[in-house]
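Please read these numbers as outputs of a predicted model, since none were measured by experiment. First listed ligand is number 1; within each ligand, the first listed atom is number 1.
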Amino acid sequence: MAIKDRKLDHINLSLKKNVEFKNKKTGLGDVNFGGVDLVYKTLPEIDKEKVKCGTKFMGKDFSAPIMVAAITGGVKKAKKINRDIATACEKVGIGMGLGSQRAMLEKPELVDTYKVRKYAPNIFLAGNIGVAQASSYSTLEIEHALETIEADALAVHVNAAHEAIQPEGTTDFSKGIKTISRLAKNLSYPIIVKEVGSGVSYEVAEKLAKTDIKAIDVGGAGGTSWTGIEYLRTKKKKHTFWDYGIPTAVSVLEVRKAFEGEIIATGGIRSGLDVVKACVLGADLCGVALPVLKAQHRGGTKAVEKYLENLIDEIKTGMFLLGAKRFSDLKKKKYVLLGTTKEWIEQRKFK
Ligand SMILES: Cc1cc2nc3c(=O)[nH]c(=O)nc-3n(C[C@H](O)[C@H](O)[C@H](O)COP(=O)(O)O)c2cc1C
């Protein structure tokens with residue numbers, strides 16, 4: 001199947017079917033953010049109106065610790081989706097990730113579907129390429145692809161679980177760290193290594209910490225399931241790996257122990273409270289994909305803007321209830337782990 005048809009399938013399935021983790025959905029049960037509690041400050045001793053959740057990520061200003069995670073590019077439909085999302089991100093003052101640039105590397109005429117800079121001149125904008133595909137492109141080709149879309153950074157996505165279930169998947173990950181090291185050393189753009197829904201462990205973060213990458217997006221389990229999307233796409237009846245992976249909350253704790261660079265928590269971020277929890281656990285920024293795609297589908301830029309504004313208001317409420325006046329105050333707040341999340345961390349001896 002051509003990449004553009006597959007990309008369209010991914011968007012349509014995400015909009016029409018339930019593509020999220022079944023057992024690890026945020027807030028349900030004691031896994032992912034449902035397994036993390038914050039200690040409510042009965043007397044916050046601050047004014048909610050004065051709570052400021054702005055931060056800096058890779059040197060760029062964000063009005064809140066969130067970005068829209070990579071979604072699309074390379075199909076006709078992506079042009080409007082990306083334009084609407086970019087316009088909303090500029091208005092709200094947060095960052096955005098573009099979908100995999102493989103399609104434009106293979107077919108340069110598709111570059112238009114990724115070009116959003118004129119709608120969002122000030123935002124942090126991340127380009128995107130899969131590690132399995134990046135190994136076959138030269139550093140110069142990737143540098144040029146980033147220049148063309150006027151990106152600030154490159155997210156190299158690592159998606160072994162997804163590729164393993166995708167019938168046309170590229171499953172040769174034998175040059176993974178080597179490719180990441182090469183790009184991080186030679187590209188003039190900072191690199192984020194990004195999972196897409198199965199999480200990053202302490203051990204892998206430890207290896208990544210030895211390269212020149214600047215950030216890890218843990219892309220943990222709990223939100224969109226990429227194995228799930230492939231099962232639906234291929235109409236498979238048996239869904240063994242639908243819920244496979246390290247939950248986002250756990251993955252933030254694992255990566256924080258091994259990696260001193262910036263951390264993005266993506267995967268099942270569904271409320272401002274999830275954002276606050278992820279940041280207390282050690283994330284510097286959170287990424288949201290599926291709810292933003294759905295908002296764009298519902299009502300274009302305006303709906304995305306409204307969704308993001310509500311999310312930011314919830315972040316401020318969550319901060320207020322902890323007595324955190326500034327984003328940096330979150331790093332000093334305490335958390336409690338429950339159930340499966342607690343068991344996981346105890347067995348891994350990271351806490
Ligand atoms: C339709 C769709 C397309 C996506 N395409 C990409 C992609 O090209 N590259 C990538 O790194 N992640 C991609 N993602 C993954 C998201 O960036 C994110 O990591 C994942 O969906 C988990 O976040 P969520 O639970 O908020 O959806 C895509 C997600 C969706 C829903």
Side-chain angles (χ1 to χ4, degrees), residues 3-4 6-22 24-27 32-33 66-75 77-78 81-82 85 95-105 110 113-114 126-134 149 151 153-163 166 191-200 215-230 232-233 243 245-249 251 264-271 274-275 278 283 285-297 307-308 311:
I3 307 181
K4 68 175 177 28
R6 199 164 64 234
K7 291 270 152 205
L8 207 55
D9 268 4
H10 290 160
I11 293 174
N12 292 336
L13 282 169
S14 299
L15 289 171
K16 289 183 192 140
K17 302 270 184 191
N18 183 359
V19 295
E20 295 189 83
F21 277 69
K22 295 177 197 292
K24 289 178 177 169
K25 258 188 108 172
T26 309
N32 211 10
F33 294 104
I66 48 171
M67 69 180 284
V68 175
I71 298 177
T72 196
V75 272
K77 199 172 178 174
I81 296 175
N82 279 336
I85 294 174
M96 173 181 179
L98 288 161
S100 169
Q101 291 176 260
R102 180 186 182 185
M104 64 167 268
L105 277 155
L110 293 173
T113 62
Y114 297 85
N128 189 292
I129 191 78
V131 73
Q133 289 81 39
I149 59 159
L154 172 67
V156 179
H157 71 255
V158 288
N159 60 338
H162 173 220
E163 299 281 357
Q166 181 175 297
I191 289 203
I192 305 165
V193 171
K194 173 183 184 296
E195 238 295 346
V196 300
S198 300
V200 179
I216 296 178
D217 181 336
V218 304
T224 304
S225 166
W226 275 93
T227 51
I229 290 181
E230 293 304 334
L232 292 175
R233 196 164 73 82
D243 278 340
I246 308 168
T248 304
S251 192
I264 308 175
T266 299
I269 297 285
R270 297 293 179 263
S271 71
D274 291 341
V275 173
L285 203 70
C286 290
V288 191
L290 190 63
V292 173
L293 178 66
K294 287 184 174 169
Q296 190 282 333
H297 183 67
Y307 171 80
L308 294 171
L311 193 63

Taking 4.0 angstrom as the limit and counting only heavy atoms of Thr266, give me the atoms of ligand 1 inside it, by number and element.
18 (C), 19 (O), 22 (C), 23 (O)

At a 4.0 Å cut-off, with the gap strictly under it, does some heavy atom of Gly219 reach an atom of ligand 1?
no

Any N/O pair Ser100/ligand 1 closer than 3.5 Å
yes

Considering only protein heavy atoms, which is closest to atom 30 (C) of ligand 1, and at what distance to one decimal place?
Trp226 CZ2, 3.4 Å

I want to confirm something. Looking only at heavy atoms, which of Ala70, Gly97, Gly130, Gly74 is nearest to atom 6 (C) of ligand 1?
Ala70

Pick whichever of Val156, Thr224, Asn12, Ile129 has a heavy atom sitting closest to atom 21 (O) of ligand 1.
Thr224

Using 0.5 Å steps for rounding, measure from the OG1 atom of Thr113 to the NZ atom of Lys7.
10.0 Å

Backbone or side chain, does any N or O of Ile269 fall under 3.5 Å from an N or O of ligand 1?
no

How far is atom 20 (C) of ligand 1 from its nearest protein heavy atom, and which residue and atom name does that atom have?
Val196 O, 3.6 Å

Can a donor-acceptor pair be found, under 3.5 Å and without considering hydrogens, that links the side chain of Thr227 to the backbone of Ala161?
no

What heavy-atom pair brings Gly223 and Arg270 nearest, and what distance separates the two atoms?
CA-NH2, 3.6 Å

In Å and rounded to the nearest 0.5 Å, what is the CD to NE2 distance from Gln133 to His157?
5.5 Å

If I compare all heavy atoms of Ala265 with all of Thr248, which pair ends up nearest, and what's the gap?
CB-CG2, 4.1 Å

How many angstroms lie between atom CD of Gln296 and atom CD1 of Ile81, to the nearest 0.5 angstrom?
5.0 Å

Enter the distance from Leu290:CG to Ser14:OG here, rounded to the nearest 0.5 Å.
6.0 Å

Is a side-chain donor-acceptor pair under 3.5 Å present for Asn12 with Lys77?
yes

Value rounded to 0.5 Å, distance of CG in Asn128 from CG in Leu154:
7.0 Å

Are Ala155 and ligand 1 in contact, using a heavy-atom cut-off of under 4.0 Å?
no

Is there at least one pair of N or O atoms, one from Arg270 and one from ligand 1, spaced under 3.5 Å apart?
yes

What's the verdict on side chain to side chain contact (heavy atoms under 4.5 Å, CB included) for His10 and Val19, showing C-alpha distance, side-chain angles and the deciding distance?
CA-CA 10 Å; His10 290 160; Val19 295; over 6 Å; no

Can you list the ligand 1 atoms lying under 4.0 Å from a non-hydrogen atom of Lys7?
8 (O)

In short, Ile192 meets Asp217 closest at the heavy-atom pair CG2-N, 3.8 Å

How does Ala69 reach ligand 1, if at all, at less than 4.0 Å between non-hydrogen atoms: by side chain, backbone, both, or neither?
both

For Met104, does its backbone N or O pair with a side-chain atom of Gln101 as donor and acceptor, under 3.5 Å?
no

Just which atoms of ligand 1 are under 4.0 Å from any heavy atom in Gly99?
8 (O)

Measure Met67 to ligand 1 on non-hydrogen atoms and call it side chain, backbone, both or neither using the 4.0 Å cut-off.
neither

Check whether any N or O atom of Gly197, backbone or side chain, sits under 3.5 Å from an N or O atom of ligand 1, and answer yes or no.
no

Below 4.0 angstrom from a heavy atom of Leu290, which ligand 1 atoms are there? Numbered from 1 as shown, please.
24 (P), 26 (O), 27 (O)

Under a 4.0 angstrom heavy-atom cut-off, which atoms of ligand 1 come close to Gly223?
25 (O)

Under 3.5 Å: N/O of Lys194 near N/O of ligand 1
yes

Is the closest N or O pair between Ile71 and ligand 1 shorter than 3.5 Å?
yes

How far does CD1 of Ile129 sit from CD1 of Ile191, to the nearest 0.5 angstrom?
11.0 Å

Based purely on interatomic distance, does Ala289 place a nitrogen or oxygen under 3.5 Å from a nitrogen or oxygen of ligand 1?
yes

Measure from atom 1 (C) of ligand 1 to every heavy atom in Cys286, Gly287, Ser14, Gly73 and give the option owning the shortest one.
Ser14

